[in-house]
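Quick notes on the structure that follows.
Along the sequence shown, residues are numbered consecutively beginning with 1.
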Amino acid sequence: MRITFNATLLAFNTARFSSTKPRSWADFWDTARFPGPRALPSFNDPWRVFAAALLADGVPADKLFPLDIDRALKKLDQIKPQIQLWWRTGDQSQQGFRNGEYVIGMIWGTRASALKAEAQPVQVSYDGAFMLADTMQILRNGPNSAGADALLKFYLDNPMVQAKLAERLNVTPPSVDAVAAMSEAARANIPSSAEAFQAIVKHDTAWIAANQAKMLDAWNVWIQQ
């Protein structure tokens, strides 16, 4: 069950880039203008990394799909030596930023928000970001399925609760009433804000689902080279 909309996006250290700031995946690949260690995710869903590489290589956002995997991997070859952190969990991406393992990277918007809450010098760009849905599932034969069901119902039936969570995490809640209940400042920072939504990549979910195994196979071969 979908509980929020989040984004995977570009984040960078504002202490490192205080004047000229990176905004796009082309900037992420531009190690001359924006030097420093980088971070990318490495787990079983590599399409966003492929898409970012293609955007950096000049492919228009509305022409990304079907993804040219071979072209994406060639572009990734250029940046691979600069990737100091291949994160596999959101917590790892946060810790890597805190520790200075990277100064610019691909990260989940919720994790960037958590870093901001810690007063870390992080800023994000929605240019070329990728929308995703955060979901919650109830375990079959779990220890308290009824309680889990009640919790989800409480959340979905209460727009104010959704709004409070969305403001804390900088995500889009599932109901329009919840969006309306958020502060104006909070609405300006979520993936569905007018400015962000224009910059977010509209992806082909059907193609991604049909080619998941192919992409993962190609990724696993490349990452181990």
Side-chain angles (χ1 to χ4, degrees), residues 1-11 25 28-29 37-57 59 61 63-99 101-102 104-115 124-126 128-142 148 152 169-172 174 191 200-225:
M1 183 178 297
R2 180 178 63 81
I3 59 168
T4 62
F5 279 118
N6 188 13
T8 302
L9 39 66
L10 180 72
W25 296 115
F28 181 87
W29 258 259
R38 269 106 164 113
L40 285 173
S42 178
F43 48 90
N44 61 354
D45 193 22
W47 75 264
R48 295 172 187 83
V49 180
F50 290 153
L54 292 170
L55 289 170
D57 205 36
V59 178
K63 303 294 184 183
L64 274 177
F65 292 90
L67 296 178
D68 187 334
I69 297 173
D70 289 338
R71 179 175 175 178
L73 291 173
K74 288 180 181 178
K75 188 66 176 178
L76 283 162
D77 283 338
Q78 299 174 10
I79 202 70
K80 193 175 187 180
Q82 304 295 324
I83 307 299
Q84 298 302 306
L85 176 63
W86 297 99
W87 58 266
R88 302 185 67 84
T89 68
D91 182 68
Q92 189 181 13
S93 70
Q94 281 182 251
Q95 190 60 36
F97 190 92
R98 295 187 196 105
N99 294 344
E101 290 181 70
Y102 70 96
I104 179 172
M106 181 183 287
I107 191 173
W108 293 324
T110 49
R111 296 296 177 164
S113 296
L115 287 168
V124 302
S125 172
Y126 279 103
F130 310 103
M131 187 82 82
L132 61 118
D134 292 315
T135 62
M136 199 174 283
Q137 295 85 30
I138 298 175
L139 292 176
R140 182 181 298 168
N141 301 321
L152 280 177
L169 299 179
N170 281 358
V171 294
T172 299
I200 283 176
V201 172
K202 314 306 186 287
H203 56 275
D204 187 336
T205 55
W207 186 92
I208 292 169
N211 291 273
Q212 185 69 21
K214 177 182 178 181
M215 288 190 288
L216 186 56
D217 286 345
W219 177 260
N220 287 336
V221 169
W222 180 83
I223 198 68
Q224 294 171 25
Q225 291 175 343

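Atom CG of residue Asn6 and atom OG1 of residue Thr110 lie 4.5 Å apart, to the nearest 0.5 angstrom. Note that CH2 of Trp25 is 11.0 Å distant from CD1 of Ile79, once rounded to the nearest 0.5 Å. Interatomic distance, CG of Leu216 versus CG of Asn44, reported as 6.5 Å (0.5 Å rounding). Rounding to the nearest 0.5 Å gives a distance of 10.5 Å between CG of Leu9 and CE of Met131. One distance of note links OH of Tyr102 with OG of Ser93; it measures 5.0 Å at 0.5 Å rounding. The CG atom of Leu64 lies 10.0 Å from the CH2 atom of Trp207; values are rounded to the nearest 0.5 Å.
Across all non-hydrogen atoms, the minimal contact from Ile208 to His203 is CD1-CD2, 3.8 Å. Of all the heavy atoms in Leu132 and Arg48, the pair that sits closest is CB-NH2, 3.8 Å. Nearest approach of Phe50 to Leu73, heavy atoms of both residues: CE2-CD2, 3.6 Å. Shown here for Ile69 and Ala218, the closest heavy-atom pair between the two residues is CG2-CB, 3.8 Å. When all heavy atoms of Pro37 and Glu101 are compared, the closest pair comes out as CB-O, 3.2 Å. Minimum heavy-atom separation, Ile107 to Ala11: CG2-CB, 3.3 Å.
The shortest distance between side-chain heavy atoms of Ile3 and Val171 does not fall below 4.5 Å. Between Asp134 and Leu169 there is no side-chain heavy-atom pair separated by less than 4.5 Å. Within the 4.5 Å cutoff, side-chain heavy atoms of Ser42 are placed close to those of Arg88.
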Item to check | side chain to side chain contact (heavy atoms under 4.5 Å, CB included) between Leu54 and Leu67, worked out | outcome: CA-CA 8 Å; Leu54 292 170; Leu67 296 178; 3.8 Å; yes
Checklist entry - Could you go step by step and tell me if Asp68 and Val59 meet the side chain to side chain contact (heavy atoms under 4.5 Å, CB included) rule? => result CA-CA 10 Å; Asp68 187 334; Val59 178; over 6 Å; no
Item to check | Working for side chain to side chain contact (heavy atoms under 4.5 Å, CB included), residues Asp91 and Arg111 | outcome: CA-CA 8 Å; Asp91 182 68; Arg111 296 296 177 164; 4.2 Å; yes
Next on the checklist: Show, in sequence, the C-alpha distance, side-chain angles and deciding distance for Lys80 and Trp86, and conclude whether the side chain to side chain contact (heavy atoms under 4.5 Å, CB included) test is met.
Outcome noted: CA-CA 10 Å; Lys80 193 175 187 180; Trp86 297 99; 4.0 Å; yes
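Judged as a side chain to side chain donor-acceptor pair (under 3.5 Å), and not counting sequence neighbours, Ser125 has no contacts. Considering only residues two or more places apart in sequence or on other chains, Asn211 meets the side chain to side chain donor-acceptor pair (under 3.5 Å) condition with none of them.
Under the 3.5 Å distance criterion, the side-chain polar atoms of Arg71 are matched with a main-chain donor or acceptor of Asp57. In this structure, Trp29 contributes its side chain and Lys75 its backbone to a donor-acceptor pair below 3.5 Å. Under a 3.5 Å cut-off, the side chain of Lys202 and the backbone N or O of Ile200 do form a donor-acceptor pair. Tyr126 places no side-chain N or O within donor-acceptor distance of the main-chain N or O of Leu10, the cut-off being under 3.5 Å. Remark: side-chain polar atoms of Trp87 are not paired, donor with acceptor, to backbone N or O of Gly96 under 3.5 angstrom. Remark: the backbone N or O of Thr172 is not paired with any side-chain donor or acceptor of Thr4 at under 3.5 angstrom.
Of the N and O atoms on the side chains of Trp222 and Asp77, at least one donor lies less than 3.5 Å from an acceptor on the other residue. There is a side-chain donor-acceptor pair under 3.5 Å between Gln95 and Asn99. No donor-acceptor contact under 3.5 angstrom links the side chains of Arg38 and Gln82, judged on distance only.
Ring pair Trp47/Phe130: centre-to-centre distance below 6.0 Å.
For Lys214, the NZ atom sits in a loose shell: 12 or fewer heavy atoms of surrounding residues, nucleotides or ligands are nearer than 6.0 Å.
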